[in-house]
Amino acid sequence: TSCNGGQGNEAVEIGFQHVNKQIASGTDVAQVILIGDMPPNTTDDVTSNRSNHEDYYAKTEYRVKTHFEPELQKLISKKVPVHAFYVKHKRAEDSFKDIARRSGGESAFLEIQNENGAAMLTDLVTSKILKSCAGQDVQLAAQLESAYRAKFCRSGFVA
């Protein structure tokens, strides 16, 4: 089988809604990684995409229709950064950069056809984990990041 695209824009609202449900249930979420080639669904997209599928959604944890903006605001209020990577033709670039900026995350073009793309994701996520492990100790965070960069960093992308 093959895949040749979705229904248009990305269902970012569902991903953010899921993360917010995890947080509400007590799960500690340190960061969100968003990857896509299209901007988030508009409110009209959400309504249109769900119009013929409400019976399906009624049986899921996503029965309440939402939009990415209120879900993003919840993440921002919990200080959860969204790292947004856009792929392919960069159609998602502006909205993904805006999401990352507003949430305190990073944003970049993800080169999925190049090994640097996987290295970039690995380096970003590892850097954030190391900083989280250091807690409030800024000096320790810098030491951990420096040691990681010296030994493992392949992409040059460490935030």
Side-chain angles (χ1 to χ4, degrees), residues 1-42 45-46 61-62 66-159:
T1 61
S2 66
C3 177
N4 61 359
Q7 297 179 349
N9 290 340
E10 302 290 356
V12 173
E13 73 280 359
I14 297 293
F16 288 177
Q17 187 179 38
H18 176 76
V19 174
N20 283 316
K21 285 179 182 292
Q22 294 295 307
I23 293 168
S25 73
T27 301
D28 187 26
V29 176
Q31 59 188 334
V32 173
I33 307 293
L34 173 63
I35 301 171
D37 64 347
M38 296 293 283
N41 281 330
T42 65
D45 292 337
V46 172
E61 63 182 297
Y62 307 106
T66 190
H67 183 255
F68 88 94
E69 278 292 343
E71 299 299 332
L72 177 60
Q73 287 305 317
K74 291 176 192 174
L75 294 173
I76 291 169
S77 74
K78 298 289 186 190
K79 298 185 178 2
V80 176
V82 178
H83 307 295
F85 296 91
Y86 46 96
V87 297
K88 289 180 113 180
H89 306 292
K90 298 186 182 185
R91 291 183 195 147
E93 182 175 2
D94 291 342
S95 57
F96 277 37
K97 282 183 175 181
D98 183 59
I99 288 168
R101 179 190 55 77
R102 290 170 48 206
S103 68
E106 305 291 332
S107 183
F109 177 66
L110 180 60
E111 300 175 57
I112 59 174
Q113 301 299 329
N114 171 325
E115 72 178 41
N116 193 46
M120 180 190 303
L121 277 179
T122 301
D123 293 343
L124 172 76
V125 172
T126 302
S127 172
K128 298 299 182 184
I129 290 170
L130 291 173
K131 286 179 182 177
S132 178
C133 289
Q136 299 298 319
D137 190 334
V138 177
Q139 186 175 11
L140 177 60
Q143 289 171 343
L144 291 172
E145 186 174 350
S146 177
Y148 174 80
R149 185 185 295 269
K151 188 163 186 171
F152 300 107
C153 186
R154 295 176 296 152
S155 72
F157 189 87
V158 176

Quick one: [atom1] on [X] to [atom2] on [Y], what's the gap to the nearest 0.5 Å?
{"X": "Ser107", "Y": "Glu93", "atom1": "OG", "atom2": "CD", "result": "7.5 Å"}
{"X": "Lys128", "Y": "Ser132", "atom1": "NZ", "atom2": "OG", "result": "10.5 Å"}
{"X": "Asp28", "Y": "Lys78", "atom1": "CG", "atom2": "NZ", "result": "11.5 Å"}
{"X": "Thr27", "Y": "Lys21", "atom1": "OG1", "atom2": "NZ", "result": "13.0 Å"}

Kindly give the heavy-atom pair with the smallest separation between [X] and [Y], and that separation in Å.
{"X": "Ala100", "Y": "Glu106", "value": "CB-O, 3.4 Å"}
{"X": "Phe68", "Y": "Val12", "value": "CB-CG1, 4.0 Å"}
{"X": "Leu110", "Y": "Gly117", "value": "CD1-O, 3.3 Å"}
{"X": "Met120", "Y": "Phe109", "value": "CE-O, 3.5 Å"}
{"X": "Asn9", "Y": "Pro39", "value": "CB-O, 3.0 Å"}
{"X": "Val80", "Y": "Val29", "value": "CG2-O, 3.7 Å"}

With a 3.5 Å distance limit and no angle check, can you tell me whether [X] reaches the backbone of [Y] through a side-chain donor-acceptor pair?
{"X": "His67", "Y": "Asn41", "answer": "yes"}
{"X": "Asn20", "Y": "Phe16", "answer": "yes"}
{"X": "Ser146", "Y": "Gln143", "answer": "no"}
{"X": "Thr126", "Y": "Asp123", "answer": "no"}

Glu61, CD atom: more than 12 neighbouring heavy atoms under 6.0 Å: yes
Residue pair [X] / [Y], side-chain donor-acceptor N/O under 3.5 Å:
{"X": "Tyr86", "Y": "Asp94", "value": "no"}
{"X": "Asp45", "Y": "Thr42", "value": "yes"}
{"X": "Glu71", "Y": "Thr66", "value": "yes"}

Side-chain touch [X]/[Y], heavy atoms, less than 4.5 angstrom:
{"X": "Gln17", "Y": "Lys74", "answer": "no"}
{"X": "Pro40", "Y": "Ile99", "answer": "yes"}
{"X": "Leu121", "Y": "Ile35", "answer": "yes"}

Pairing of Glu10 and Arg91 as salt bridge, 4.0 angstrom limit: no
